[in-house]
Amino acid sequence: SSAVFIFQTASTLITAAGSSIALINGAQACNVFWQVGSSATLGTNTTFKGNILAMASITLNANVNVAGRVLARTGAVTLDTNTITKATCVVPPASPTDSGSTPTPGSNPALPAPIPPLISIKKIPTPLALSAGAGLVTYDYTVLNIGTVAMSNVTVVDDKCVSVTFIAGDTNSDSKLDLSETWKYNCTHTLSQTTTNTVTAHGQANGLTAVDTASATVVVSAPFSPPLIHLIKKPSVFVLPLVGGIVTYTYTVTNPGVVALSNVSVVDDKCSPVSGNSGDVNSNNMLDVSETWVHTCETNLTATTTNTGTAEGSANGLTAIDFSLATVVVTPPVTIPGILTPSEVTPPVATPPATTYPKLPNAGINSSDKNNMMWNVVSLASILAALGIFSIIRKNINKTN
């Protein structure tokens with residue numbers, strides 16, 4: 001199944017010892033996300049499925065097994081004899097269609113792979129700081145389709161601001177986020193203390209789901225503004241052939257806040273190293289509000305892969321972070337009954353040409369001539385015998401007379 005499941009908890013996530021997360025009806029761990037408002041703790045011998053995105057820290061007690069990822073924003077990830085296995089989505093092949101042609105033996109047919117969607121969301125709170133104390137904050141969300149296929153079933157959910165409202169952007173009113181459209185949402189919430197919240201956008205196309213998140217911090221009763229950072233990650237190709245191939249990821253980092261960012265870094269959980277920085281125009285090693293930094297990473301993929309890029313930057317003692325996910329599909333092989341793959345075809349054994357030897361001159365007679373000659377000899381012998389008998393009889397007659 002390609003359905004995405006997002007479980008949100010405003011504070012902590014704690015599992016008892018020996019707990020187990022079971023997935024049913026085709027759900028896949030790669031598409032399960034646990035958004036935790038503060039910290040997460042998995043009890044001893046817990047079997048856990050999905051990706052944990054914790055605002056603070058994550059603690060895994062002894063013998064915890066996780067199929068997914070554990071990502072902490074501001075705190076540490078503490079491990080203890082644990083097994084963490086990255087969860088890779090399995091893309092089911094599309095049903096074969098009758099094209100009207102018959103495949104030839106020796107071919108290895110592969111069905112067209114679905115093109116995955118790619119979505120991006122940016123979140124900006126206004127104001128970023130409530131220096132006088134509690135007050136209203138409006139969050140503005142911008143959703144873009146940065147892929148190559150239109151998306152349906154687009155949703156935007158914020159873990160701290162529940163009344164997210166669509167404002168505008170569906171220019172042709174087809175309920176699909178087209179490549180040329182920019183969808184706008186907003187949400188208003190009253191804050192009484194410094195708050196960091198996360199918004200999640202997802203959209204669907206070709207049976208696959210794209211996911212992106214954005215976080216923002218608003219400080220209350222403080223005389224400074226927190227940092228903001230935004231990351232967009234795009235692969236050079238969305239579909240690779242059966243054997244896989246090289247993919248180059250491009251990471252575009254911007255600063256939608258009001259203060260310059262230091263200690264900016266970009267990493268990817270399945271591509272290393274992420275290199276380059278072509279946007280620091282004043283060479284001050286600070287991501288200024290007016291700058292766009294571009295990084296790249298190249299890797300060889302042999303299987304369908306979803307990976308996550310992470311951008312971080314600091315200002316005023318706080319750290320801003322943003323995640324960006326992308327999927328590249330490797331075309332799955334398809335075996336059609338009765339059609340042999342190249343490895344199954346036995347090459348024909350070449351028969352060497354017959355050796356030709358020179359013949360002696362034909363000085364004899366052929367078989368038909370032999371038969372005719374035999375009959376001729378028999379006939380001649382019969383005639384001679386008859387003449388001999390006739391001569392003897394004639395002599396006897398003469399003696400009698």
Full working for side chain to side chain contact (heavy atoms under 4.5 Å, CB included) between Leu240 and Val328
CA-CA 7 Å; Leu240 289 170; Val328 175; 4.0 Å; yes
Thr41 side chain reached by Asn61 side chain, heavy atoms, under 4.5 Å: yes
Check your understanding: Is there a donor-acceptor contact under 3.5 Å linking the side chains of Thr200 and Thr213?
Key -> no
Any chance NZ of Lys176 has more than 12 other-residue heavy atoms, nucleotides or ligands included, within less than 6.0 Å?
-> no
Note, Phe224 side chain near Leu318 side chain (heavy atom, < 4.5 Å)
yes
So CD1 of Ile119 and CD of Gln204: to nearest 0.5 Å the spacing works out to 10.5 Å
**Report entry** side chain to side chain contact (heavy atoms under 4.5 Å, CB included) evaluation trace for Ile6 with Val157
**Finding:** CA-CA 10 Å; Ile6 301 173; Val157 179; over 6 Å; no
Here the gap from Ser265 atom OG to Ile229 atom CD1, rounded to the nearest 0.5 Å, amounts to 7.5 Å
*asked:* Determine whether Asn172 and Glu181 satisfy the following criterion, side chain to side chain contact (heavy atoms under 4.5 Å, CB included), listing intermediate values before the conclusion.
replied: CA-CA 9 Å; Asn172 55 7; Glu181 294 178 341; 3.1 Å; yes
*Between Glu312 and Thr319, is any side-chain donor less than 3.5 angstrom from a side-chain acceptor?*
no
Review point. For Val137 and Leu130, what are the C-alpha separation, side-chain angles and deciding distance, and is it a side chain to side chain contact (heavy atoms under 4.5 Å, CB included)?
Key: CA-CA 9 Å; Val137 175; Leu130 295 168; 3.8 Å; yes
Inset, instruction - Flag the pair Ile52 / Leu42 as yes when at least one side-chain heavy-atom distance between them is below 4.5 Å, and no otherwise. - result: yes
Residue pairs passing the ring-ring contact (aromatic ring centres under 6.0 Å, His included) test with at least one member in residues 157-213, sequence neighbours excluded, are Phe166-Trp183, Phe166-Tyr185
Taken to the nearest 0.5 Å, the spacing of Ser262 OG from Met286 CE works out to 5.0 Å
Here the gap from Asn206 atom CG to Ser152 atom OG, rounded to the nearest 0.5 Å, amounts to 9.5 Å
Of Thr188, Asn197, Asn186, the one forming a side chain to side chain contact (heavy atoms under 4.5 Å, CB included) with Tyr139 is Asn197
So Phe5 and Phe7, would you call those rings parallel, tilted or perpendicular, with 30° and 60° as cut-offs? parallel
*With a 4.5 Å heavy-atom cut-off, do Lys49 and Val32 have their side chains touching?*
no
Test salt bridge (Lys or Arg N to Asp or Glu O under 4.0 Å) on Asp269 and Lys86; report intermediate values, then the result. CA-CA 10 Å; Asp269 63 342; Lys86 65 179 181 180; over 6 Å; no
Can you find a side-chain donor-acceptor pair between Ser215 and Thr198 that sits under 3.5 Å? yes
Side-chain donor-acceptor contact under 3.5 Å, Lys184 with Thr142
yes
Residues pairing under salt bridge (charged side-chain N to carboxylate O under 4.0 Å, His left out) where one sits in residues 158-173, two or more places apart or in two chains, turn out to be Lys123-Asp158
- Kindly indicate whether the side chain of Ile21, heavy atoms from C-beta on, has any atom under 4.5 Å from the side chain of Thr15. no
(message) Do Thr78 and Asp80 have side chains that approach each other closer than 4.5 Å (heavy atoms only, starting at C-beta)?
(response) no
More than 12 heavy atoms from other groups under 6.0 Å of CD on Glu298: yes
| query | Looking at side-chain heavy atoms only, is the closest gap between Ser236 and Ile246 below 4.5 Å? | reply | no
*So, do Ser120 and Ile232 sit near enough that their side-chain heavy atoms are less than 4.5 Å apart?*
yes
d(Met55 CE, Thr9 OG1) to nearest 0.5 Å is 12.0 Å
